[in-house]
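The chains referred to below are lettered A, B, ... by the order of the sequence lines, with proteins before strands, and numbering in each begins at 1.
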Amino acid sequence: MSRYPFNEIEPKWQKYWEEHKTFRAVEDESIPAEKRRYVLDMFPYPSGAGLHVGHPEGYTATDIYSRYLRMKGYNVLHPMGFDSFGLPAENYAIKTGTHPWETTNKNINTFRRQIKSLGFSYDWDREVSTCEPDYYHWTQWIFEKLYEKGLAYEAVTPINWCPSCKTGLANEEVKEGRCERCGEKVEKKNIRQWMLRITAYADKLLEGLDELDWPESVKTMQRNWIGRSEGAAVFFTVDGTGDKLEVYTTRCDTLFGATYMVIAPEHPLVSKLTSPEQKEAVDKYLDEVKHKSDLERTDLAKEKTGVFSGSYAINPVNGKRIPIWIADYVLISYGTGAIMAVPAHDTRDWEFAKKFNLPIIEVLKGKVDVQEEAWTEDGIHVNSEWLDGLNKEDAIRKMLEFLEKNGYGHKAVNYKLRDWVFSRQRYWGEPIPLIHCPHCGTVLVPEDELPLRLPEVDKYEPTGTGESPLANVDSWVNCKCPKCGGDAKRETNTMPQWAGSCWYYLRYIDPHNDKAFVDPEKEKYWMPVDLYVGGAEHAVLHLLYSRFWHKVLYDLGLVSTSEPFHSLVNQGMITSFAYQKANKSLVPTDLVEEHDGKYFDKETGEELTQVIAKMSKSLKNVINPDDFIKNYGADSVRMYEMFMGPLRESKPWATNGFIGVYRFLDRIWRIATEKKIEDIALNPELDKLLNKTIKKVTEDTETLAFNTAISQMMVFVNELNRLDTVPKKAMETLTLLLSPYTPHLAEELWVMFGHEPSVALEKWPEYDEAKTVDDEIEIVVQINGKVRAKMLMPREASKDEMLEKAKSNEKILGWTEGKTIIKEIVVPGKLVNIVVK
RNA sequence: GCGAGAGUGGUGAAACUGGUAUACACGCUAGUCUUAGGAACUAGUACUUCGGUGUGCGGGUUCGAGUCCCGCCUCUCGCACCA
C-alpha cells in the first residue's frame, strides 16, 4: 500500500522520453559557446556477462550532471555507444562457431536494455558501435591519414606464441607464462607487425598534460609511462672488429667507472660479437632465455644471469678494454639494448659484477665501501681523472663536451614509451586497409572503397602460421593493385580493440555522416569533451592512445582542439566483500553462510573474515544490477550508487544500506500522496531549510559530491514528514532538486502537482543567499582548546561581545577562577578560546 | 622494489581554507500503532571508573590537528630490472 509504484512509473516515463526525444541534442547556434557542454562516459565493452554495478556508477554520475546542466540552461551532448570489437566474442566464435557479429549484437541488445532501464538521458539517436561498417569505415580512414603522415610502419617484433594452439596470444591470455586455454608454455615468436609511431608524439603528449584538468595521479602515471629522460648516447668501439656499440646513459659522468658492457640477448650484434670459444656457452644461454616466460625474466628478486660474449670494447675515456657480456636484465626495448655497466653505483650492475667477478671502481665518493654494496646516491667524482672533485651537473657538462668534441657521443633524449604494436592476427577487428603489390609496394585501399569490410570466414582460428583467419579467404586476399592494376594481396592483420575507442567521442558528434568522420562545424560546436568519467584502469593506455590520435588529427587540421578531454574524473571501483580463511585464501560467496554477524565456510565450518576484494567471477561476488532494479526500482539503484560514498573513491557494494534509500523515496511518495499538499506560505524556519537545501544540492551536484547532496535532501524530507500540511512550493522545489537523481519519480510528482511534463526541461531552482545563514549561531567556548561551554549569539556579534559573554559564562568562570588568563582567541561566528595557567 | 591513493562508530560514511569529531543512512535496543510488511512513527545508540579518553601507530608544530610536518604500520590500485 505504501510502496511507491516504481514498476509502473519507471517504464512509463522511459517510454515518454523515448517517444518525445526529450534528450535529443541539437546544434543550436543561438546557444552561446559557453552554454554548451559535452559530458561523456567511457563506453562499455558489451561482454556476455551483462552490465555490472560498476557501470551504472559512472553513468549515473554523468547523467545527474547532464540533467542538472540542462536545467541550468546548457545545451548538453550526452551520448552512449559500444566498444564492440574484441577478444571474448572471437574466442566464443572459435569455441562455438557462432559469428562474433551475432554474439556481439546479442550482448549489445542486453546492455542497451539494461542501460535504458536505468533511465539515463542519453541521446540514443547518436549511438555508435565500433564493429559496424559505417563506423569502422572512418577508423580505417583515420588509419590511412596516419599512414600518409608516415606514422605507420612495418617492423618485426616478438609476440606471445602458443606452440600448441599455434596462435599469438594477448598479454591477458598469458597466465603465469602459460597459455590460458591449453596450459602450454608460451614462447616468443618474431612476426611482421604494423606499428604506430606514437614516440614521435612523446613530447607533445607530455606537454599537453599541463593544460588538462585531470587528477594529478593520472597525469603522473602518463608522465612516468612516457618516461622522458635526458642523457647521452655514447659509442664504444669493439676491440678488433671496429664495430660501434651505442649505449644510452643518464650518467655519462660515471664513464670512468664503466668496467664492462652488457647487451640484450636480442641485440643484433650478438652473433657477431660472440667469439668461437664462447659460441657454445652463448647459444646455450640464448636458448634458456627464449624459453623463459616474461614473468621469470622480469622477476626483480631473481639472480642475475648472463654469459660472456668473448669480445671486448674500448672505453672511450681511458682506452681501457672492457668485456662485453650478454644478459637478460638489459631490455632490447629500452634505449639501445646495450648498456655500459657502472657496478659501483647501480644495484643491478653491482649484483651482476659480484656474481661474475667483474671489477668495481668507485667514481662517486659515497658513505659505503662499493666492494660491499652499491652507492646509488650522488657524490663528488673520484678516480675519474679530469672529472675529479666535480659535482654531478658540472661533470655531466664536461663529459658531454669531451664526447662531442671527440665524436664519442652526444647529448640524447630517451623515452620509456615504445611505438605501438597496432596489428593483431585476429578476425574480429577492423581490417587494415592496405594492399601489398609486388610492383608498387604497400598501397592504401582508395578512400572511395572504404569501408573495407570483414569477409565471412569458415573458421575463426588463426592459421597455423600465426596469420589472421583472413589469410585463408583467398577471394578476399587476392585483389588488384589500385595503382598498377596488377595482382596484389590484401593485408590480413586487423586493428586492436583500442582503435575504435580512440576516436568514438568524435563520431558521437556526427554519427550518421557518410561523407566525413565528423562535420567540422559540428566538431567545433561541441569539442572538447568537458567531462569524461570512467574507471582508473584506463589511466594510461586508452587515454594516451586517444590523445595521440587526436593530436595527429589536430596537426592535420581535422579537429579544432589539441586535446580531446578537458576534464577527467576516475570513478572509484565498486568492490565487493569476500570471505577469507585463516590461511588468507578466499572462499566463493555461495559457499559462505552468515549467522550472528559472523561468517562461516559451509563446507568446513571454519570462521571467515570479511575482507574487501575486487569483484570476480571466481569469487561469485559479481553483482548484476537487474535484480535491484526489479525489486527496488531504477531510481533507488541510481540514488544508492551515489549515496554509497564519494564518486572518486572505491567502495564496497554493501547491500544492507540499500533499503535506506528505498525508504527515502517511499517516504517522498507517501508525503505526496497521503499528506495534505496546499498552496500555503512556508514558515520562516522551513523556508530557511529550503534555501539551505537548494544551496547545498546545487553546489554538491556541481562538484559531483552527490552523496552529500542526497544527505541534505534527506534532511529536508525528514522535516517535511513532520508536517501535517505540506506547502506545495516545498514539494515542487524538492521535485526539481530530485529530478536529476531520481528522474522517474520526479516526472511523476511534477505531473501530480499539476504541471506539464517534462520536469527535465524545467529551470533549476534558485536560492536566496540571505536565507541560507542563521541569525543566531552556537558559539563554542574553549579553555585551553577544550570545549567547556556553548552559547547562542547573533551571527554578527563582535569579537568583544563574544569575549565578554564567554568570560561571564558561569561554567567558564569556574574554569578561569584563580587562574591567569594568558591569551584570548576569538574567531567571529565560531568560537572563543581562553588560555589559562 | 618504484609510483599513486586510502586508513574516522558494529557497517556505508560526514566534517569547505586547521576551529563543537561522527551529519545522512544501515544495523541494533526500547516503545507506539497495525487489515503482520522488506511497514510507519517516537526515543536511544563511540568508550568511560563520569575525572576524562577517543579519527591506524609514535613523535612534532599550534591557543587549537581527522585536517599541517617527520618517522612507522596496514590495505587497495598501477607498473615491473628503464641504464
Side-chain angles (χ1 to χ4, degrees), chain A residues 1-3 215-221 223-225 227 229 231 247-251 254 262 294-295 297-302 304 327-331 333-342 346-349 351-352 414-418 535-537 539-540 570 572-573 575 597 610-614 631-632 640 643-646 648-664 666-667 670 674 699 703 705 707-708 710-715 718 721-722 778-787 789-790 822-825 827 829-836:
Chain A
M1 287 110 290
S2 66
R3 185 178 244 234
E216 269 318 305
S217 61
V218 176
K219 290 204 220 178
T220 306
M221 280 162 85
R223 285 190 189 106
N224 293 344
W225 189 267
S229 70
V247 305
Y248 171 76
T249 175
T250 51
R251 294 300 301 266
T254 61
V262 185
D294 265 13
L295 204 82
R297 265 189 79 165
T298 57
D299 186 353
L300 191 68
K302 75 144 205 236
K304 294 276 176 289
D328 66 1
Y329 83 92
V330 171
L331 307 176
S333 53
Y334 183 73
T336 61
I339 61 158
M340 59 177 224
V342 185
D346 180 280
T347 322
R348 292 154 298 163
D349 295 346
E351 284 170 14
F352 193 82
N414 211 356
Y415 300 91
K416 287 187 202 171
L417 185 69
R418 302 171 202 167
E537 67 272 18
V540 179
N570 284 136
M573 197 187 333
T575 51
Q610 192 183 52
V611 294
I612 286 170
K614 224 171 164 167
N631 292 330
Y632 296 99
Y640 178 62
F643 186 60
M644 277 194 300
R648 294 167 181 83
E649 269 157 46
S650 75
K651 48 222 165 265
W653 180 261
T655 49
N656 42 7
F658 208 104
I659 191 73
V661 164
Y662 174 78
R663 278 183 201 149
F664 169 58
D666 193 46
R667 184 168 298 154
R670 279 184 287 108
E674 291 169 14
E699 288 173 354
T703 55
N707 53 331
T708 45
I710 295 169
S711 298
Q712 184 63 40
M713 290 193 264
M714 286 175 168
V715 170
N718 289 344
N721 201 34
R722 288 194 183 96
E778 193 177 54
I779 301 291
V780 167
V781 187
Q782 296 178 328
I783 298 292
N784 295 344
K786 288 200 165 35
V787 181
K790 293 174 184 177
I822 303 176
K823 204 166 180 180
E824 290 155 344
I825 294 123
V827 182
K830 282 241 163 71
L831 57 70
V832 176
N833 188 11
I834 300 169
V835 185
V836 297

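Taking for each of A/V835 and A/I779 the nucleotide of RNA chain B with the nearest heavy atom, the 5'-most of the two is the partner of A/I779. Sequence order on RNA chain B of the closest nucleotides to A/E778 and A/K823 puts A/E778 first from the 5' end.
Rounded to an integer number of Å, the gap from A/L417 CG to B/C79 P is 15 Å. Note: CG (A/N224) to C1' (B/A80) measures 13 Å, nearest angstrom. Rounded to whole angstrom, the span from the CD1 atom of A/I339 across to the P atom of B/A83 amounts to 11 Å. Between A/I825 atom CD1 and B/G64 atom C1' the separation is 7 Å, expressed in whole Å. If you measure from atom CE of A/M714 to atom C1' of B/G12, you get 11 Å, rounded to the nearest angstrom. Spacing between atom CZ of A/R663 and atom P of B/C24 amounts to 15 Å, rounded to whole angstrom units. Distance, A/Q782 CD to B/G18 C1': 12 Å, rounded to whole Å. Straight-line distance from the NZ atom of A/K219 to the P atom of B/A4: 15 Å, rounded to whole Å.
The same atom, P, is picked in B/G27 and in B/U11; the two are 15 Å apart, to the nearest Å. Annotation: B/A39 and B/A6 have their C1' atoms spaced 39 Å apart (nearest Å). Separating the P atom of B/U22 from that of B/G9 is a span of 14 Å, rounded to the nearest Å. Comparing B/G5 with B/G44, their P atoms sit 42 Å apart, to the nearest whole Å. B/A15 and B/C24 are spaced 13 Å apart, taking the P atom of each and rounding to whole Å. For B/C28 and B/U61, the P atoms lie 47 Å apart once the distance is rounded to whole Å. One P atom belongs to B/A43, the other to B/G19, and the distance between them is 31 Å to the nearest Å. Taking atom C1' on both B/A30 and B/U20, the two are 29 Å apart, rounded to the nearest angstrom.
A/T250 is linked by a side-chain contact (heavy atoms from CB on, under 4.5 Å) to A/S229, A/Y248, counting only residues two or more places apart in sequence or in another chain. A/Q782 meets the side-chain hydrogen bond (donor to acceptor under 3.5 Å, both in side chains) test with no other residue; sequence neighbours excluded. Looking at residues two or more places apart in sequence or on another chain, you find a side-chain contact (heavy atoms from CB on, under 4.5 Å) between A/K823 and A/I825, A/V835. For the ring pair (Phe, Tyr, Trp, His ring centres under 6.0 Å) test, no residue two or more places apart in sequence or in another chain qualifies with A/F643. When the side-chain hydrogen bond (donor to acceptor under 3.5 Å, both in side chains) test is applied to A/T708, the partners found at least two apart in sequence or on another chain are A/D700. Residues satisfying the salt bridge (charged side-chain N to carboxylate O under 4.0 Å, His left out) criterion with A/E699, sequence neighbours excluded, are absent altogether. For A/R667, there are no salt bridge (charged side-chain N to carboxylate O under 4.0 Å, His left out) partners at least two apart in sequence or on another chain. Annotation: side-chain contact (heavy atoms from CB on, under 4.5 Å) contacts of A/R663 (sequence neighbours excluded): A/I659. For A/K219, the salt bridge (charged side-chain N to carboxylate O under 4.0 Å, His left out) partners two or more places apart in sequence, or in a different chain, are A/E216.
A glycosidic torsion no more than 90° from 0 defines the syn conformation, and B/G9 adopts it. The glycosidic torsion of B/G54 lies more than 90° away from 0, which places this base in the anti conformation.
When heavy atoms are screened at a 4.0 angstrom cut-off, A/F643 is found touching base atoms of the nucleic acid. Residue contacts shown for A/E824 are absent, as no nucleic acid heavy atom lies under 4.0 Å away. Within the 4.0 angstrom heavy-atom criterion, no nucleotide atom of any strand lies near A/R223. Residue-level contact check: A/N833 touches the bases, meaning some heavy atom is under 4.0 Å from a base atom. Residue A/D349 is classed as having no contact, given no heavy-atom separation below 4.0 Å to the nucleic acid.
A cation-pi arrangement is present between A/K304 and A/Y329, with the terminal nitrogen or guanidinium carbon under 6.0 Å from the aromatic centre and inside a 45° cone about the axis.
When all heavy atoms of A/V247 and A/I339 are compared, the closest pair comes out as CG1-C, 3.6 Å.
Remark: the backbone N or O of A/M644 is not paired with any side-chain donor or acceptor of A/N707 at under 3.5 angstrom. Side-chain atoms of A/D346 come within 3.5 Å of backbone N or O of A/D349 as a donor-acceptor pair.
Residue A/K416 places none of its side-chain N or O atoms closer than 4.0 Å to OP1 or OP2 of B/C82.
With B/A39, B/G12, B/A83 as the candidates, the nucleotide lying closest to the side chain of A/M644 is B/G12. Listed nucleotides: B/U20, B/A23, B/C82. Nearest to the side chain of A/R418: B/C82. Candidate nucleotides B/A39, B/C81, B/G19 were compared by shortest atom distance to the side chain of A/L831, and B/G19 ranks first. Distances were taken from every side-chain heavy atom of A/V330 (C-beta onward) to each of B/A39, B/A83, B/C63; the shortest belongs to B/A83. For A/R667, the side-chain atoms get nearest to B/C41 when compared with the rest of B/A83, B/G12, B/C41. Checked against B/C82, B/A21, B/G12, the side chain of A/V787 finds its nearest nucleotide in B/A21. For A/Y334, counting side-chain heavy atoms from C-beta on, the closest listed nucleotide (B/C24, B/C63, B/A83) is B/A83. Closest contact between the side chain of A/Y329 and the listed nucleotides B/C24, B/C81, B/G27 involves B/C81.
Taken to the nearest 0.5 Å, the NZ atom of A/K830 stands 13.5 Å off from the CD atom of A/E778.
Helical stems in RNA chain B, defined as runs of 3 or more consecutive Watson-Crick or G-U wobble pairs with donor-acceptor distances under 3.5 Å: B:1-7 with B:73-79, B:10-12 with B:24-26, B:27-32 with B:40-45, B:56-60 with B:68-72.
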Going through the distances and angles, do A/M713 and A/F664 end up as a side chain to side chain contact (heavy atoms under 4.5 Å, CB included)? CA-CA 9 Å; A/M713 290 193 264; A/F664 169 58; 4.0 Å; yes

For nucleotides 42-53 of chain B, give me one character per nucleotide, 5' to 3': B if any protein heavy atom sits under 4.0 Å from the base, S if the only such contacts are to the sugar-phosphate, - if neither. ----------SS

Sort me out a list of protein N/O and nucleotides 14-17 of chain B N/O pairs below 3.5 Å, or just none if empty.
{"residue": "B/A14", "atom": "OP1", "partner": "A/N707", "partner atom": "ND2", "Å": "2.8"}

